[in-house]
**Student:** 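Okay, handing you the structure first.
We count residues from 1, following the sequence as given. Worth saying up front: this structure is predicted, and the values here are computed from it rather than measured. Side-chain atoms are counted along with the backbone in the values below, which use heavy atoms only and exclude waters and symmetry mates.
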Amino acid sequence: MASSICKRIPINPSPTTTTTSRLPSSTRISLRPFHLVRQSNAPRSTAAIRCSIRRPEYIPNHIPDPKYVRIFDTTLRDGEQSPGATMTTKEKLDIARQLARLGVDIIEAGFPASSDADFEGVKLIAREVGNADSDHVPVICGLARCNKRDIDRAWEAVKEAKKPRIHTFIATSEIHMEFKLKMSRQQVVEKATSMVAYARSLGCNDVEFSPEDAGRSDREFLYQILGEVIKAGATTLNIPDTVGYTLPTEFGQLIADLKANTPGIENVIISTHCQNDLGLSTANTLSGAHAGARQLEVTINGIGERAGNASLEEVVMALKCRGEQVLDGLYTGINTQHIVMASKMVEEYSGLRIQPHKAIVGANAFAHESGIHQDGMLKNKNTYEIISPEDIGLLRSNESGIVLGKLSGRHALKAKMLELGYDIDGKGLDDLFARFKGVAGNKKIITDDDLIALVSDEVFQPVVIWKVEDVQVTCGSLGLSTATVKLIDADGAEYISCSVGTGPVDAAYKAVDLVVKVPVRLLEYSMNAVTEGIDAIATTRVLIRAEDSVTATHAMTGETVNRAFSGTGAAMDIVISSVRAYVGALNKLIGFNIRLETEDSGETKVLNACK
């Protein structure tokens with residue numbers, strides 16, 4: 001039976017650990033019944049656990065159920081600001097669709113003024129995901145600084161969505177106003193209110209405002225500027241701990257103080273956005289929710305600038321596990337069984353690997369090696385697991401009894417991949433099966449980690465512009481290493497090149513460069529063995545940057561930043577694994593440039609037509 005201790009065992013928190021006594025009485029909310037339904041006709045190992053609570057009607061500045069917490073996902077905006085996390089438009093659209101399946105309320109799809117590519121990506125998501133024919137259609141949000149150009153660009157990108165939102169911000173801490181903005185308090189208030197009003201004047205009835213670095217801002221000034229933007233038409237007030245400076249008690253008190261002292265705040269939604277510089281983003285986010293925030297800004301896997309953001313999976317599972325007992329019955333509309341797939345997709349497309357001990361989605365999150373722990377798990381899974389892996393869409397290894405080998409077929413592979421959290425079909429499954437057969441012929445035992453490496457290399461790849469067909473190297477201590485590489489382009493034409501280098505990987509990369517002819521700089525190169533043993537699959541990750549760099553505007557600083565592109569590869573041969581990763585990164589970079597050129601060409605035609 002799936003572990004469900006967090007839903008069945010009441011725990012009375014100690015009065016010394018709760019912050020309820022420090023909050024105004026208006027923020028104390030009575031407990032609300034929480035019902036779970038298990039599908040009786042589903043197999044025990046795949047039984048779906050779903051909330052019977054209906055998602056409240058979406059009203060920009062009001063939530064009909066005071067216990068409901070909106071989840072605002074900014075993986076595609078703040079998350080993509082992580083170094084090397086550049087994603088293609090197709091990858092962003094795939095992630096946005098998965099976020100909609102997950103049930104997030106708001107998707108911050110990007111920063112449209114940052115670049116033409118970001119603008120087109122947000123616009124595509126607004127058109128496709130923001131108008132999906134489904135029970136739940138998320139709000140599509142675009143970020144904008146407090147200036148008309150950014151706001152115009154954001155509105156143009158999101159306005160086709162059924163529920164569009166503009167999110168605008170300006171810094172309010174003394175250090176930011178003095179050194180970055182070089183503006184007085186009054187100037188900042190005037191800029192914020194005029195730009196919120198301008199966003200509303202465009203026809204957008206859902207406008208979010210953020211006082212950047214609110215965690216280090218003067219309280220009285222926050223009361224003032226937030227009160228003014230409410231008058232100007234803001235519907236959501238987001239309170240960012242931009243540099244991850246506050247402690248949970250401080251951040252909870254900040255939300256409580258704003259709720260008690262900001263004029264008109266009862267007419268808007270309070271939101272949180274907590275960075276993880278001190279490792280407190282999830283704790284601060286939950287503290288903010290307990291104090292009255294009803295929108296929580298998060299990212300999948302906690303990716304983001306510097307140390308990252310509050311992690312969606314941690315925040316959501318904490319609310320699901322403890323919301324009924326110690327958080328006044330708060331709940332979300334997230335279908336948690338889609339968490340694993342969302343996590344894997346973001347990991348592969350961003351190239352940012354999850355540490356094994358990462359809460360909820362790390363490789364060790366449900367692993368038990370200690371003898372004492374194993375004994376307890378065999379007797380009752382609740383002894384050492386407060387949530388079940390099934391709750392997040394992950395089945396325990398070998399629970400299905402499927403062991404794959406060279407005689408296994410497509411159905412067995414698909415069933416095993418579902419067990420691992422991957423729902424793969426069609427061409428993706430065909431390509432994966434071909435790779436699986438190749439490995440199974442050379443390796444007696446195919447492990448779960450082998451399959452995960454193969455699916456990363458075969459399914460989660462950018463649009464194929466160049467495909468690796470053959471690689472042959474000669475190396476050793478008696479002379480220079482040589483490599484011969486055969487690549488196939490998108491039209492099926494074959495290209496063969498040879499080169500020498502200081503080692504087999506260097507020689508192979510130089511041979512690829514002779515064919516592709518895109519000058520790049522290799523920023524990072526790393527390789528790991530997926531499993532133990534001399535026949536292990538090797539996974540490689542590379543990070544490259546074009547010498548003629550692709551640039552974008554940084555949302556917070558306004559600086560021009562050079563984009564980097566990651567690639568991953570997997571093979572039993574370390575050189576082939578390395579070449580796959582390098583070509584994957586090149587495909588992402590070239591595809592990105594092709595889209596930019598296409599968009600520029602389209603804009604030129606429009607301008608000429610106007611003339």
**Student:** For Thr336 and Asp391, does a side-chain donor sit closer than 3.5 Å to a side-chain acceptor?
**Tutor:** no
**Student:** Does a donor on one side chain sit under 3.5 Å from an acceptor on the other, for Thr172 and Ser217?
**Tutor:**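 There is such a pair between these side chains.
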**Student:** Tabulate below the donor-acceptor pairs under 3.5 Å that side-chain atoms of residues 221-234 make, not counting sequence neighbours, or state none.
**Tutor:**
unit_1, atom_1, unit_2, atom_2, d
Tyr223, OH, Asn261, ND2, 3.4
Glu228, OE2, Lys231, NZ, 3.4

**Student:** Within a strict 4.5 Å, meaning less than it, do heavy atoms of the Ile140 and Lys163 side chains meet?
**Tutor:**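 The answer is no; the side chains never approach within 4.5 Å.
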**Student:** Checking Asp213 against Thr242: is there a side-chain donor and acceptor pair closer than 3.5 Å?
**Tutor:** no
**Student:** Does the side chain of Asp206 pick up a donor-acceptor pair with the side chain of Thr235 at under 3.5 Å?
**Tutor:** yes
**Student:** Would you say Arg306 and Asp277 make side-chain contact, with heavy atoms under 4.5 Å?
**Tutor:**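 Yes, their side chains come closer than 4.5 Å.
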**Student:** Is the backbone N or O of Asn61 less than 3.5 Å from a side-chain atom of Asn267, with the two atoms forming a donor-acceptor pair by type?
**Tutor:** no
**Student:** Would you call Glu212-Lys180 a salt bridge at under 4.0 Å N-O?
**Tutor:** yes
**Student:** Any chance you could measure Lys259, atom NZ, to Ile239, atom CD1, to the nearest 0.5 Å?
**Tutor:**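 That separation rounds to 13.0 Å.
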**Student:** Calculate, to the nearest 0.5 Å, the distance between atoms CG and CG belonging to Leu312 and Leu99 respectively.
**Tutor:** 8.0 Å
**Student:** Side chains of Glu208 and Thr236: any donor to acceptor distance under 3.5 Å?
**Tutor:**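 On atom types as modelled, these side chains do not qualify, holding no pair under 3.5 Å.
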**Student:** Have a look at Val316 and tell me which of Leu102, Ile334, Leu296 forms a side-chain contact (heavy atoms from CB on, under 4.5 Å) with it.
**Tutor:** Ile334
**Student:** Think Arg153 forms a cation-pi with Phe119, using NZ or CZ under 6.0 Å from the six-ring centre and within 45 degrees of its axis?
**Tutor:** yes
**Student:** Within the distance-only criterion (no hydrogens, no angle test), does the side chain of Arg55 pair as donor or acceptor with the backbone N or O of Gly333 below 3.5 angstrom?
**Tutor:** yes
**Student:** At what distance, to the nearest 0.5 angstrom, does OG of Ser350 lie from CE of Met345?
**Tutor:** 12.0 Å
**Student:** Determine yes or no for a side-chain-to-main-chain donor-acceptor pair under 3.5 angstrom, with Asn131 supplying the side chain and Arg127 the backbone.
**Tutor:** yes
**Student:** Hey, does Arg353 have a side-chain heavy atom less than 4.5 Å from the side chain of Glu347?
**Tutor:** yes
**Student:** Just to verify, what does Ser311 make a side chain to side chain donor-acceptor pair (under 3.5 Å) with, not counting sequence neighbours?
**Tutor:**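 With neighbours one apart ignored, the set is Glu313, Lys358.
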**Student:** Quick one: list whatever passes ring pair (Phe, Tyr, Trp, His ring centres under 6.0 Å) with Tyr68, sequence neighbours left out.
**Tutor:** Tyr331
**Student:** Pick from Lys123, Arg97, Lys92, Lys90: which one makes a salt bridge (Lys or Arg N to Asp or Glu O under 4.0 Å) with Glu128?
**Tutor:**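 Answer after filtering Lys123, Arg97, Lys92, Lys90: Arg97.
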**Student:** Please round to the nearest 0.5 Å and tell me the distance separating atom SG of Cys204 and atom CH2 of Trp155.
**Tutor:** 4.5 Å
**Student:** Below 6.0 angstrom between ring centroids: does that apply to Phe592 and Phe565?
**Tutor:**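 Aromatic pair counts; centres sit under 6.0 Å.
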**Student:** Enter the distance from Phe72:CZ to His273:NE2 here, rounded to the nearest 0.5 Å.
**Tutor:** 8.5 Å
**Student:** Counting only N and O atoms by type, is there a donor-acceptor contact under 3.5 Å from the side chain of Asp150 to the main-chain atoms of Ala144?
**Tutor:** no
**Student:** Under 4.0 Å between a Lys/Arg side-chain N and an Asp/Glu carboxylate O for Arg563 and Asp118?
**Tutor:** yes
**Student:** Is there a donor-acceptor pair under 3.5 Å between the side chain of Ser287 and the backbone N or O of Pro248?
**Tutor:** yes
**Student:** Indicate whether the side chain of Gln98 and that of Asp94 have a donor and an acceptor atom separated by less than 3.5 Å.
**Tutor:** no
**Student:** Measure the spacing between CD of Gln337 and CD1 of Ile392 and express it to the nearest 0.5 Å.
**Tutor:** 10.0 Å
